[in-house]
Visitor: 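Structure in structure tokens, see below.
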Protein chains: 2
Amino acid sequence: MAKVDTNKVMQQAERSCVEHGVRLTSKRKHILEVLLNAQAPRSAYEIADLYRQKTEENIPVMSVYRMLDFLMQNSLVHKLASNNKFIACAHIACSHSHQTPQFLICDNCQQVREIGVDKQLIHALEESIEHNHFQLNSPQLELHGLCETCQQDS
Amino acid sequence: MAKVDTNKVMQQAERSCVEHGVRLTSKRKHILEVLLNAQAPRSAYEIADLYRQKTEENIPVMSVYRMLDFLMQNSLVHKLASNNKFIACAHIACSHSHQTPQFLICDNCQQVREIGVDKQLIHALEESIEHNHFQLNSPQLELHGLCETCQQDS
DNA sequence: CAAATTATGATATATCATATCATTTCAATA
DNA sequence: TATTGAAATGATATGATATATCATAATTTG
Ligand SMILES: [Zn+2]
Ligand SMILES: [Zn+2]
Ligand SMILES: [Zn+2]
Ligand SMILES: [Zn+2]
């Protein structure tokens, strides 16, 4: 969860949605901004609370889930299955198309680093599943451990 | 979720618990047996239902969660974070010590294959995270896709 | 046996997620 | 610009997953 230039990212998000012919409404934007400003992954209910703080408007959790679905479909947000929380994509402002994400999740401070799955790893994965006659869908990986800071503290 | 010889597996589970000085009570055994006989991962609530069918005794879900915790601590059961379900370890009866598990989850029929993470993959993973100054805990992997059978059907 | 420890039960509540139908907003186009 | 159809959002209910806490039962240990 490195620092990001929110404005730049939002501009790129808008561009991307225009390109794909989908609508980044103002509520959807607020949800994305909330996640961009968060220091760690947030649950849908936490996002609803942050939305209220930010806009002073109430938002039904049902709507938050729908907007998260929209944002996920457009690769602007990811869901971490291992803790049922959501995180803004770290690569919105990058020029390259979005790769399969890999998340390094710190079990101490909860911060998450999103990196692209590297070639070596993809290759090893494919080898591994090939032996098992399995056809991979989308190998999002969630790896738990300690971030650099938390390693030093312990 | 290949067929297993339940009796043999249960014997080995008992041996393993004795060795580690922990108690595989009759209720914990029933929970494990339920999972061994299941054809796919089950939620804690489903396990409670199956327990009732099997034993004709009621069991509080709270107890199921506790027993699952016990079984997980002793590597007899795993939790799949990506769907909040539980599965019996496929390697209970193997002689080798338990490795980091990797799960191939079929998104069509829900069956799960548990394999050991292979050397190549471990190596690639380590490379990948090394570049990010991250210290991996236990890299349980959950890979989604299609099993052999479901590939043919589609 | 008594005491200590561990396992289980009972109850309540927190947390995460979806189903469904109503209303509003927005864009296309007649 | 008025009509209308589609997409987005709201409102409400409910289902599914998980934990907290205190009470009771079973087991081990001295
Ligand atoms: Zn991403
Ligand atoms: Zn950390
Ligand atoms: Zn296992
Ligand atoms: Zn299948």
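Residue numbers begin at 1 in each chain, while the letters A, B, ... track the order of the sequences. Everything numeric here is computed off the predicted structure, so don't read it as measured data. All heavy atoms count here, side chains included; hydrogens, waters and symmetry mates do not.
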Visitor: Rounded to the nearest 0.5 Å, what separates atom CG in B/L35 from atom CD in B/E46?
Guide: 10.0 Å
Visitor: May I ask you to say what B/R66 touches in the nucleic acid, namely base, sugar-phosphate or nothing, with a heavy-atom cut-off under 4.0 Å?
Guide: base
Visitor: Taking B/Q140 for its side chain and B/K79 for its backbone only, find out whether a donor-acceptor pair lies under 3.5 Å.
Guide: yes
Visitor: May I have the distance from A/F70 (atom CZ) to D/dG10 (atom P), rounded to whole angstrom?
Guide: 15 Å
Visitor: Quick one: is D/dT9 close enough that its OP1 or OP2 comes under 4.0 Å of any side-chain N or O from A/T25?
Guide: yes
Visitor: Run the salt bridge (charged side-chain N to carboxylate O under 4.0 Å, His left out) test on B/R66 and B/D69 for me, step by step, so that the C-alpha distance in whole Å, both residues' side-chain angles and the decisive distance to 0.1 Å come before the verdict.
Guide: CA-CA 5 Å; B/R66 270 189 302 232; B/D69 283 343; over 6 Å; no
Visitor: Where the side chain of B/Q151 meets the backbone of A/H133, is there a donor-acceptor pair that is under 3.5 Å apart?
Guide: yes
Visitor: For A/L146 and B/F134, which heavy atoms make the closest approach, and how far apart are they?
Guide: O-CD1, 3.5 Å
Visitor: Does A/V77 belong to the same Ile/Leu/Val/Met/Phe/Trp/Tyr cluster as A/L141, with side-chain heavy atoms less than 4.5 Å apart forming each link?
Guide: no
Visitor: Do the ring planes of A/H91 and A/H98 sit parallel (below 30°), tilted (30 to 60°) or perpendicular (above 60°)?
Guide: tilted
Visitor: For DNA chain D, find the residues of residues 75-85 of chain B with a heavy-atom distance under 4.0 Å and give them by number; none if there aren't any.
Guide: B/K79, B/N84, B/K85
Visitor: Nucleotide range of DNA chain C contacted by chain B, 5' to 3', under 4.0 Å to a heavy atom?
Guide: C/dT6 to C/dT11
Visitor: For the pair made of CG in B/L24 and C1' in D/dT27, what is the distance, rounded to whole Å?
Guide: 15 Å
Visitor: Without decimals, in angstroms, what is the distance between B/Y45 OH and D/dT14 P?
Guide: 18 Å
Visitor: Please identify each residue that fulfils salt bridge (Lys or Arg N to Asp or Glu O under 4.0 Å) with A/D118, with sequence neighbours left out.
Guide: none
Visitor: If you assign B/M62 and A/K27 each to the DNA chain D nucleotide with the nearest heavy atom, which residue ends up on the more 5' nucleotide?
Guide: A/K27
